[in-house]
Amino acid sequence: MSRQKKEPKKQPKKQSSFPLAVLVTTLKMFLILIVLIFFAGFGAALGVGKAYLDSTPELDISRIENQSQTSFIYDKDGKLITEYFGFENRVWAPLNEIPDALKDAVISTEDVRFYKHHGLDYKRLAGAFINNLKNESIQGGSTITQQLIKLSMLTPERTYKRKIQEAYLALQLEKKYSKDQILEAYLNIIPLGQSNYGVKAAAKDYFGKELKDLTLRECAVLAGLTQNPSKYDPRRNLTPVEKGGRAKPEWTYKRANTVLKRMYQNGRISEEEYNKAKFDENNTSLDNSQLAIKEKSENRGMYSMPYFIEYAIYDVRDKLMIQNGWKGDEGRKKAEKMIYAGGLKIYTTVDAEMQKKVEDAVYNYENLPKFANAKDNVSSQGVPQPQIAAVVIDQHTGELRAIVGGKQPPVGRRELNRAFMSKLPLGSSIKPLAVYGPFIEAGYPGGIIFENIPIKIDGWNSKRGYPDNYEGGGYTGPTDVRTGIRKSLNIVAGKIVAEPNRLGPQYSANKLVEMGIDSNDIPGYPDDPSPAALALGTHGNNMVEVVAAYASIANNGVYQEPISFTRVLDKDNNEILNTSSQIKRVVFKESTAFILTDWMEDAVQHGTGTRARFKFPMHIAGKTGTNDSYRGVYFAGFTPYYTASVWIGHDDFRPSFRKGSSGSVYAAPLWRAIMEPIHEGLESKPFYDSVPDDVVKVTVCGISGMLPNGDLCKYHLVTEYFPKDAVPKEVCNWHKNLTVCSVSGKLPTPYCPEENIVSKPVIVLPKDSPYRQLSDEQLQKYIPGAFRDMINSDMLSYENEQDAQYFCPIHNKAWKDNENKNNSLIKQAQELIEKVKSEMKEKGDKISPQDKSRLQEMINQLEQSIKSAISPSSENGNPGDNPPPFDTNIIQNYINNLKNLSQSIFSKIGDNENQDNSNNQNNDHQNNNGQNDADDIPPEQNEDQNSTPNDEVNIPNNRGIKNNKRNNKKGF
């Protein structure tokens, strides 16, 4: 039989508690909710993080590599003048130039695991996260890599967004850069206070040292600045409060000690090094500072030779804009940033020694003109006046050597530099450039003789129609061009520029543009240039442009663009600018430059520029300038070595100096004060060794400017240099042969002495002569003896009043009557003299020495009066002379005086002879009769009844005699 298996007995279920079930269910639901919230939060966080990452800028390596770097400026000899930077003073140092102590100090302080992580230090990040949960502020944990990203690519805001972006970019950067590259970039970018960025600039600024010379203590100070450059600034903390510091040395000491301690703890320095380098934090006396800090310059950001340096910076800026095609304000900003932040090396043309001499001369110059109104001694901007500007250039290269743009040195960057920022009116200093140089170059159009008279000039657009003559002064009639520049005659310059048969303003203006003068500084150019601006320099010009234009004359007529630098290197020492683009062109033929230089040298030797001459021999050519209404004075000139220009005036331009304040009195001496020290020890060599082949010396008529007409022009000859193709070909047609009185130069009257009637040249005005506009009186003043028309003497009558103007005004009837009287008196006087001399010889020893002397003196006076009374009608007279008639009373008085004196003396001698004879007879009688004695003679009979009491005579004053002779002059 089979056996059945027995099933186990089931235990009954224990019934659970209801509250417990509810609790369990609640917990389950809560956990599920937490999980859901976690995943929801995580998803949200991922979404926010993704949004932050999506807005993260791309990693731009160039923004790290192209950091602002300080530029360097050198003089012409390659010596460093100054560092130049904008807001960030940064000099890039390669990692191998940075000492290990400084690298270790920064790593120990900023990122001790720098060489172990890959951009993020998770341990440090976790610590920072916990810290942030405990505090409201968001703290760091950033690595050096993250800080580099923040400094170069992100904003300094302290937010989670920036931290996430920073971390993301740091991871990418570590894949592209090595650790050493990252560290090098960081050490050159980190801000270290006082506008210093990077360790090299900071070391130089705070300690005056190169990186290799830093001590361990100094490295610790620099590394400590990274946390808070302002608080731990060693200069401010170790400078007394009254000198602009805050006297908190303990802040710097404690921070540096912290850095040193971390270096020691991380095994970067030994205990001995640590103890030796750390500061005594309890010793805060500034008298015994534990740290030597370089004193801050009173004028931080300025540099030596500021006026030249700032011009060179502008010059480099403009060349960079041209090279890179940058234009407008945006282009200027790019170029300027490249200069102050691009780490450029700019090699300027400045001569440091010369610049110093020019600065000394300008800053100490005291011969300044006074303003008509004392209130003008300060400008509208509050700047002392008058001001000065000066520029010196080497004409052989176009290289600027010295620039001073003010009477006082600037106290800040980009102050007014008058040498190139102001438009300074040249006055007559423009004439060699706009007038005389173009005039020679054009071949002397219209000839070299000008009508320097006050009449309207064709083409001169002013109400009166012609300018005044200032410095040289006066109207001189026919005037040659050399005299025009020597005396600075505005009439001559105005006629050259304005008159269509001369240059015309267009040719003049074009020449200025060729010489580098900005066309915008020529009023009306190119359509209708102003003759006044061109001939008189009434408009302002850039002084650097002007000195370069003058240099083209000194450089044999070759213009060279003025340059202030020879080359510019970028931060990697690649040459980006040089002088290969310097503009050079011939603006004048050598013959033009030679003649113009000769004229300008004459102006310095004998004209308005005499005060520019040195105390030692040196060839100098130049031209003074005085602005209209004495609003400024100018001088520009050159030697065989250098060219320079100077200006004295007011920044507001309108105030005037006192009347008479000319360029010759004030600007020429300033030019000398600048140039003389520069030329000490230099040889006085001529401008040219010989006359150029295409220049000849030619003699022309000084009235017509044509070739001389035989001997007719002999009294008016002018010899001048001419370009060969400018020699005149026509013969003078102004001078004519005419029978005239040699004294007056006019037709002879019936009373003219025969010996004075000669065939002589006279001047007859051509039909189109400007002199015809003059009155008769003016014509005779400027061209004595000139005729308006050729006259036919046969058709004229001396008796006709209408014809009287053509006849000699000297030899008339009154003159003849006076001449006859003179001749009669002369004959009478000569006879009297012979008679007296004969009696003096006859009387011999009977005349006392005193009486002989008196007689001889009176004879001499009478002879002199005879000589003076001789008629002025001789061939030696001058045409146009009209001497006053001789006073016949003078010779008559001398005749009477000699007659009376001689009679008195000779009568006395005769009476004495009679008395002697009488006495002899009486003595004979007495001897015979013995009856009479001298005492018997009546007293009254013993007197000389015929003598003149006291022998008094009327002797006229010899100084009253007027000599009527006239010396012969070459000219009518």
Side-chain angles (χ1 to χ4, degrees), residues 66 69-82 84 305 308-328 331-352 354-355 391-403 419-420 511-519 542-590 593 638 641-643:
N66 297 328
Q69 293 187 42
T70 297
S71 293
F72 298 89
I73 302 177
Y74 304 86
D75 67 12
K76 75 177 184 68
D77 298 318
K79 296 179 181 178
L80 179 65
I81 300 173
T82 185
Y84 188 81
M305 301 179 264
F308 192 102
I309 295 303
E310 297 213 335
Y311 176 79
I313 290 168
Y314 279 96
D315 195 13
V316 172
R317 179 200 69 181
D318 292 345
K319 296 300 189 299
L320 287 172
M321 290 177 65
I322 294 171
Q323 185 182 70
N324 294 284
W326 297 335
K327 296 180 181 180
R332 276 188 289 274
K333 289 178 182 178
K334 288 181 180 180
E336 288 175 356
K337 183 177 181 181
M338 191 172 179
I339 295 171
Y340 66 69
L344 303 183
K345 295 179 179 65
I346 301 172
Y347 292 87
T348 72
T349 62
V350 67
D351 184 319
M354 188 184 299
Q355 176 74 22
V391 179
V392 181
I393 192 172
D394 183 340
Q395 62 255 26
H396 307 100
T397 62
E399 295 180 1
L400 295 161
R401 293 293 183 229
I403 296 175
F420 75 99
K511 275 298 174 186
L512 282 182
V513 174
E514 287 181 30
M515 283 183 278
I517 301 298
D518 191 339
S519 60
N542 179 312
M543 179 174 273
V544 173
E545 293 177 358
V546 171
V547 80
Y550 262 83
S552 67
I553 303 171
N555 192 37
N556 299 338
V558 178
Y559 169 76
Q560 298 183 98
E561 180 186 11
I563 56 175
S564 61
F565 65 90
T566 54
R567 61 188 182 128
V568 177
L569 309 181
D570 65 14
K571 64 180 182 179
D572 298 319
N573 289 326
N574 299 311
E575 188 173 85
I576 58 174
L577 289 176
N578 56 37
T579 59
S580 62
S581 62
Q582 182 187 19
I583 298 171
K584 298 181 181 181
R585 55 176 168 255
V586 176
V587 294
F588 292 132
K589 296 187 290 286
E590 185 182 26
F638 51 88
Y641 300 96
Y642 300 105
T643 302

| NZ/Lys571 to NZ/Lys345 distance, rounded to the nearest 0.5 angstrom? | 11.0 Å
| Euclidean distance, Ile81 CD1 relative to Ile346 CD1, rounded to 0.5 Å | 10.0 Å
| field | Side-chain (Thr348) to main-chain (Tyr74) donor-acceptor, under 3.5 angstrom | value | yes
| Quick check: does any side chain N or O of Gln323 sit under 3.5 Å from a backbone N or O of Ile576, one acting as donor and the other as acceptor? | yes
| task | Run the numbers on Arg317 and Leu320 for side chain to side chain contact (heavy atoms under 4.5 Å, CB included), then give the verdict. | result | CA-CA 5 Å; Arg317 179 200 69 181; Leu320 287 172; 5.8 Å; no
| query | CE/Met321 to NZ/Lys333 distance, rounded to the nearest 0.5 angstrom? | reply | 12.0 Å
| said: Checking the side chain of Gln582 only, and the main-chain atoms of Glu561 only, is there a donor and an acceptor separated by less than 3.5 Å? | reply: yes
| field | Asp572 (side chain) donor-acceptor with Asn574 (main chain) under 3.5 angstrom | value | no
| field | Ser71 side-chain N/O to Ile339 backbone N/O, donor-acceptor pair under 3.5 Å | value | yes
| query | Short question: side chain of Asn578, backbone of Ser580 - any donor-acceptor pair under 3.5 Å? | reply | yes
| task | Specify the closest pair of heavy atoms between Val513 and Ser519, including all atoms of both residues, with the distance to one decimal. | result | CG2-CB, 4.0 Å
| query | Should Glu514 and Lys511 count as an ion pair when the cut-off is N to O under 4.0 Å? | reply | yes
| Hey, what's the ring geometry for Phe420 with Tyr311, parallel, tilted or perpendicular (30° and 60° as the breaks)? | perpendicular
| remark: d(Gln355 CD, Met305 CE) to nearest 0.5 Å is 6.5 Å
| query | Between the main-chain N or O of Arg567 and the side-chain N or O of Glu575, is there a donor-acceptor pair closer than 3.5 Å? | reply | no
| field | Nearest atoms (heavy-atom pairs only) where Asp518 meets Glu545 | value | N-OE1, 3.1 Å
| Closest heavy-atom pair and its distance - Gly557, Ala593 | N-CB, 3.6 Å
| said: Please evaluate residues Phe308 and Thr349 with respect to the criterion side chain to side chain contact (heavy atoms under 4.5 Å, CB included), reporting the C-alpha separation (whole Å), side-chain torsions for both, the decisive distance (0.1 Å), and the verdict. | reply: CA-CA 9 Å; Phe308 192 102; Thr349 62; 3.5 Å; yes
| request: Please report the closest heavy-atom contact between Ile517 and Ala549, naming both atoms and the distance. | output: CD1-CB, 4.4 Å
| query | To the nearest 0.5 Å, what is the distance between OH (Tyr84) and CD (Glu310)? | reply | 6.0 Å
| message | Ignoring hydrogens, what is the shortest heavy-atom contact between Ser564 and Leu400? Give both atom names and the distance. | response | CB-CD1, 4.2 Å
| Would a 4.5 Å heavy-atom cut-off, applied to side chains only, mark Leu344 and Asp570 as touching? | yes
| message | Apply side chain to side chain contact (heavy atoms under 4.5 Å, CB included) to residues Val391 and Val546 and explain how you reach the verdict. | response | CA-CA 9 Å; Val391 179; Val546 171; over 6 Å; no
| said: Using 0.5 Å steps for rounding, measure from the CD atom of Glu399 to the OG1 atom of Thr579. | reply: 7.5 Å
| Side-chain donor/acceptor of Asp75 to backbone N/O of Ala352, under 3.5 Å | no
